[in-house]
Amino acid sequence: MRILGLDYGSRTVGVAVSDELGWTAQALETITRKEENKLRKTLARIEELSKLYNVERIVLGFPKHMNNDEGERCAKTEAFKEMLERRTGLPVILQDERMSTLSAERILIEGGVRRENRKDYVDKMAAAFILQTYMDRKNHEQKNQVI
């Protein structure tokens, strides 16, 4: 079973998926919408991807501020989480996403991706960072329980 990772933004949702063993995250796509609150097609696409990849759970980036405060985006993310759970029937786990977009930008810069092309990749790469962080933490916790 796989895990879907999401980077939820006001106009886009970056999507990543894990391998079947839950070790690596691959950037998949970026879902775009014209208006922030128009989520029907976005939710339908996430549901479609969940079925296509036989997803068992969804990891959703939680955009806390650097000082650990939760702002307006956190409230919108929690509302989106509830919509996802209702639509897909899957558990949705919130994962701290601080620095994920910055990390994705850095990788793209180091990879020589031109500034005007970075926007095509940054959201799905941020989703991959969010998902990889979650899987690394879970794998580390499991490893420590065995020892």
Side-chain angles (χ1 to χ4, degrees), residues 1-108 113 116-146:
M1 297 287 269
R2 295 181 182 215
I3 306 169
L4 204 65
L6 303 176
D7 179 33
Y8 174 63
S10 60
R11 302 271 175 149
T12 61
V13 177
V15 183
V17 67
S18 73
D19 66 337
E20 291 179 344
L21 296 174
W23 289 44
T24 62
Q26 296 88 36
L28 198 58
E29 68 179 65
T30 300
I31 303 167
T32 58
R33 61 188 179 282
K34 292 184 171 135
E35 294 181 40
E36 183 172 2
N37 295 322
K38 302 285 184 174
L39 293 167
R40 188 177 52 81
K41 289 181 181 177
T42 298
L43 290 166
R45 180 62 181 154
I46 293 168
E47 181 180 30
E48 183 181 330
L49 290 169
S50 296
K51 290 177 181 173
L52 178 67
Y53 287 96
N54 198 24
V55 168
E56 69 177 20
R57 75 189 96 140
I58 297 171
V59 174
L60 178 61
F62 196 57
K64 287 184 173 184
H65 296 296
M66 290 307 288
N67 65 0
N68 210 32
D69 285 347
E70 296 179 13
E72 180 183 339
R73 284 296 325 154
C74 285
K76 290 181 179 187
T77 300
E78 288 174 326
F80 186 64
K81 173 188 184 283
E82 291 175 15
M83 286 184 250
L84 281 170
E85 289 173 331
R86 278 194 306 270
R87 179 73 184 241
T88 65
L90 296 170
V92 178
I93 296 103
L94 295 175
Q95 171 65 46
D96 188 343
E97 71 167 39
R98 285 177 280 189
M99 306 297 287
S100 62
T101 301
L102 182 62
S103 296
E105 281 275 355
R106 230 180 249 146
I107 293 291
L108 292 169
V113 177
E116 59 268 15
N117 296 331
R118 281 185 222 143
K119 66 179 171 18
D120 297 334
Y121 301 99
V122 71
D123 293 316
K124 62 185 173 183
M125 287 193 64
F129 274 102
I130 291 164
L131 180 54
Q132 191 66 56
T133 301
Y134 170 79
M135 292 187 305
D136 289 348
R137 182 175 51 85
K138 284 308 220 184
N139 290 333
H140 181 74
E141 287 171 1
Q142 287 176 348
K143 182 179 172 183
N144 286 339
Q145 287 177 355
V146 173

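One-based numbering along the sequence shown. This structure is a prediction, so every number in the text was calculated from the model and none was measured.
- Annotation: the span from Ile46 atom CD1 to Leu6 atom CG amounts to 5.0 Å, rounded to 0.5 Å.
- Here Asp7 contributes atom CG and Thr30 contributes atom OG1; the two are 8.5 Å apart, rounded to the nearest 0.5 Å.
- Shown here are the side-chain hydrogen bond (donor to acceptor under 3.5 Å, both in side chains) partners of Glu36, two or more places apart in sequence or in another chain: Arg73, Lys76.
- In this structure the side chain of Ser18 never reaches within 4.5 angstrom of the side chain of Trp23, judged on heavy atoms.
- Annotation for Val15 and Lys124: closest pair O-CB, 3.8 Å, computed over non-hydrogen atoms.
- Among all heavy-atom pairs drawn from Val55 and Leu49, the shortest one is CG2-O, 4.3 Å.
- Contacts classified as salt bridge (Lys or Arg N to Asp or Glu O under 4.0 Å) and involving residues 8-26 (residues at least two apart or in different chains) are given here: Arg2-Glu20.
- Residues forming a side-chain hydrogen bond (donor to acceptor under 3.5 Å, both in side chains) with Asn139 (at least two apart in sequence, or on another chain): none.
- With sequence neighbours left out, Arg45 forms a salt bridge (Lys or Arg N to Asp or Glu O under 4.0 Å) with Glu29, Glu48.
- With sequence neighbours excluded, no residue satisfies side chain to side chain contact (heavy atoms under 4.5 Å, CB included) with Arg40.
- Annotation: side-chain hydrogen bond (donor to acceptor under 3.5 Å, both in side chains) contacts of Tyr134 (sequence neighbours excluded): Arg57.
- Partners of Ala128 by side chain to side chain contact (heavy atoms under 4.5 Å, CB included), not counting sequence neighbours, listed by chain and number: Ala16, Ala25, Ala27.
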Check the pair Ile93 / Ile3 against side-chain contact (heavy atoms from CB on, under 4.5 Å), numbers first and verdict last. CA-CA 10 Å; Ile93 296 103; Ile3 306 169; over 6 Å; no
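- When side chains are defined from C-beta on, Asp123 does not count as touching Val13, because their heavy atoms never get closer than 4.5 Å.
- Residues forming a ring-ring contact (aromatic ring centres under 6.0 Å, His included) with Phe80 (at least two apart in sequence, or on another chain): Tyr8.
- Partners of Glu85 according to the salt bridge (Lys or Arg N to Asp or Glu O under 4.0 Å) rule, which considers only residues two or more places apart in sequence or in another chain, are Lys81.
- With rounding to the nearest 0.5 angstrom, the CG atom of Leu90 is 5.0 Å from the CD1 atom of Ile58.
- Between Glu78 and Phe62, the closest side-chain pair of non-hydrogen atoms falls below 4.5 Å.
- Thr133 meets the side chain to side chain contact (heavy atoms under 4.5 Å, CB included) test with Gln95; sequence neighbours excluded.
- Separation of atoms CD1 (Ile31) and NZ (Lys41) is listed at 12.5 Å; rounding is to 0.5 Å.
- Note that CG of Leu4 is 8.0 Å distant from CG of Leu131, once rounded to the nearest 0.5 Å.
- Residues passing the side-chain hydrogen bond (donor to acceptor under 3.5 Å, both in side chains) test with Thr24, sequence neighbours excluded: Gln26.
- In this structure Lys51 satisfies the salt bridge (Lys or Arg N to Asp or Glu O under 4.0 Å) test together with Glu47, sequence neighbours excluded.
- Across all non-hydrogen atoms, the minimal contact from Thr77 to Leu94 is CG2-CD2, 4.1 Å.
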